[in-house]
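Remarks on the structure that follows.
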Amino acid sequence: MPKVRTRYAPSPTGFPHAGNIRTALFNWLFARSQGGDFILRIEDTDIQRRVEGAVEDILGSLSWLNLLWDEGPYFQSERLSYYQEAARKLVEEGHAYPCYCSPQRLKELREEQVKRREPPGYDRRCRYYSWEERGKFEGTTPVIRFKVPLSGEIQFRDLIYGEVSLKCDTIDDFIILKSDGYPTYHLASVVDDHLMGITHVLRAEEWLSSTPRHLLLYEALGYSPPAFAHLPMILSPDKGKLSKRTGAPGVAELWRKGYLPEAVVNFLALLGWAFDDKTEIFSMDELIARFSLEGVSLNPAVFNLQKLTWMNGLYLRKKSPEEFARLLLSFLDRDLSSSVRRPLDPDYVAQVAPLIQERMRTLGEAAEATSFFFMLEVNFDPSLLKKSLPLLKMQTTLKVALENLELLSSFDTSSLEKLLRPLAESLNLKAGDLFQLLRLALTGRTASPPLFQTMEVLGKERCLHRIERAIMTIEQNVPSL
RNA sequence: GGCGCAUUCGUCUAGUGGCCAAGGACACCUCCCUCUCAAGGAGGAGAUCACCGGUUCGAAUCCGGUAUGCGCUACCA
């Protein structure tokens, strides 16, 4: 058995999204699981649609997810002579022919066909020209079209979809070489897959219907074809094709939003593949060990961001405290309001980190979740409290708390608890009510990490200051007090 | 229009003729834990397995048809 070689062959016409990268993942996993090689090839044969920065984005996305390639990237635009040579050979051997029809004529032809409710397709006008007739077109650069057999049937066995067949008379003479000298996908991918020794072509299901053409090309070129495995598409929540417009984030965007690469990989692996009826958390190594084409589903999958978000929370909680603090620091530095002084103190961030590690689903939520730790002051708005006390009671409560807190020598979690629980009782308040009041004064919110831990991290000085501010706020609201 | 492929809870899926009056996960609801929010734990609701026929003692699983969805049908990939 020859060594398995797979490839990921994106075209740089946009930034990779979940669907594209899932194809890369499956190719990568299959190669790794078989001890094979994973090759990266950039299919940049459409100079019109080329997008600036797309190649960098593709490379960056793969690297971020740790889907490293063993060979490449190869660029098809640098390999034109191979395709041109193949096309020349096909023409010479009667498998292909130059076509001089103008784009204008093809357009009209198609419109005609649609109007007459005929299947659109090239009418093969140039297929039968003699050499003399071709001479008439001296000066115009033709395209090269493949001579598809007029009858017969192509059958092949897809590793995922099983037996697939297509009658030749439903395939028109497709273009293999454009007039600008660039190949179309069909020719380029066949030539390259052969030249690069690709053994397994794993690509999106949208290519399934084109595979018979490719098989025809392999045969005419005298190549033996690789195995094909088409992967189910990934759909947008609206069940349409995945695209930015319909809410499918690009890979780069996932990183910006604070998703972890290992979570993205794990989640993507589950889109169209399953190991069993229970397991769904897999490390990269487990994925490699378990991945198989048999586990690939036949149905298109809808990209479900909610589940990714849940899974990301899981991975975030799995991080070591140090690693999590490091990540947190970089996201806070980026996202915290500019009014917060930089550079951020890494030690302080490391103290904040454990308080929110299990409360976050994406790093993108970090700044919002922790801003009160970093702001100079917070707003005290008593109306936020569910069980509101009379303002007067609030004020006296805060004052008593302040006095007691001032006297506290060690401002740590357990000392704070030892002080505040009894204090609630002596003030004739439920502990929860006191704590909520303090929480609001200290954080400006009704939800935060546990109060005493939050206070310890905030530190005595900040806490006292914020309680004083809250007391003042009440006074300003009720001047007659 | 033609051709191809698919069709199990809202979503991702398990299931390859009896173990399935269909299992797991996300989301949702309830309860427990609890100073709030999370996390965690325990429950709940949610799928006549697209539909109709057939094969079989027996079908989500096999076959045929219909419907629906998606894809291909470009000098795009």
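Proteins come first, then strands; the chains are lettered A, B, ... in the order of their sequence lines, and each starts at number 1. Worth knowing before you read on, the calculation uses all heavy atoms, side chains too, and leaves out hydrogens, waters and symmetry mates.
- More than 12 heavy-atom neighbours from other residues, nucleotides or ligands sit within 6.0 angstrom of CZ on A:R203.
- B:A14 atom C1' lies 13 Å from atom CH2 of A:W273, rounded to whole Å.
- A residue-by-residue look at A:F275 and A:L270 shows that A:L270 has its nearest nucleotide of RNA chain B further toward the 5' end.
- Rounded to the nearest Å, the gap between the P atom of B:G53 and that of B:C75 is 47 Å.
- Annotation: cation-pi geometry satisfied between A:R22 and A:F26 (NZ/CZ under 6.0 angstrom from ring centroid, within 45° of ring axis).
- Under 4.0 angstrom from either OP1 or OP2 of B:A77 there lies at least one side-chain N or O belonging to A:T45.
- Within residues 176-189 of chain A, the residues having any heavy atom closer than 4.0 Å to RNA chain B are, in order of number, A:K178, A:S179, A:P183, A:T184, A:Y185.
- Residue-level contact check: A:P232 touches neither bases nor backbone, having no heavy atom under 4.0 Å from any strand.
- Residues of residues 411-420 of chain A having a heavy atom closer than 4.0 Å to RNA chain B: none are found.
- Each of A:F275, A:W273, A:W28, A:F282 was evaluated against A:F291; a single residue qualifies, A:W273, per the ring-ring contact (aromatic ring centres under 6.0 Å, His included) test.
- When the side-chain nitrogen and oxygen atoms of A:N299 are compared with OP1 and OP2 of B:U7, one or more of them lie within a distance under 4.0 Å.
- Residue A:R421 places at least one side-chain N or O closer than 4.0 Å to OP1 or OP2 of B:C35.
- Backbone-only contact: A:S11 has heavy atoms under 4.0 Å from sugar-phosphate atoms and none from a base.
- Across all strands shown, A:A431 has no heavy atoms under 4.0 Å from either base or sugar-phosphate atoms.
- Taken residue by residue, residues 306-314 of chain A places heavy atoms nearer than 4.0 Å to RNA chain B at A:Q306, A:K307, A:W310.
- Here the side chain of A:D46 is nearest to one of B:A77, B:G24, B:C35, namely B:A77.
- Between A:H194 and A:Y218, the ring centre distance reaches or exceeds 6.0 Å.
- The ring of A:Y161 has its center no closer than 6.0 angstrom to the ring center of A:F228.
- Looking at heavy-atom distances under 4.0 Å, A:R213 makes contact with sugar-phosphate atoms alone, never a base.
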TODO: Under the salt bridge (charged side-chain N to carboxylate O under 4.0 Å, His left out) rule, what do A:R41 and A:E43 come out as? Steps first, then yes or no, please.
DONE: CA-CA 6 Å; A:R41 183 171 76 218; A:E43 309 226 317; 2.9 Å; yes

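- Taking the P atom of each, B:C72 and B:C57 are spaced 45 Å apart, rounded to whole Å.
- For A:R317, counting side-chain heavy atoms from C-beta on, the closest listed nucleotide (B:C75, B:U13, B:A39) is B:A39.
- The base-pairing partner of B:C57, taking Watson-Crick or G-U wobble contacts with both distances under 3.5 Å, is B:G18.
- Within 6.0 Å of atom CD in A:E163, more than 12 heavy atoms from other residues, nucleotides or ligands are found, so the atom counts as buried in its surroundings.
- In A:D381, the CG atom is crowded: over 12 heavy atoms of neighbouring residues, nucleotides or ligands sit closer than 6.0 Å.
- The local environment of CD in A:E323 is crowded, with over 12 non-hydrogen atoms from other residues, nucleotides or ligands closer than 6.0 Å.
- A:V302 comes within 4.0 angstrom of sugar-phosphate atoms only, judged by non-hydrogen atoms across all strands, and of no base.
- Among the heavy atoms of the strands lying under 4.0 Å from A:L166 are primed sugar atoms or P, OP1, OP2 only; no base atom is included.
- Heavy atoms of A:C101 sit under 4.0 angstrom from at least one base atom.
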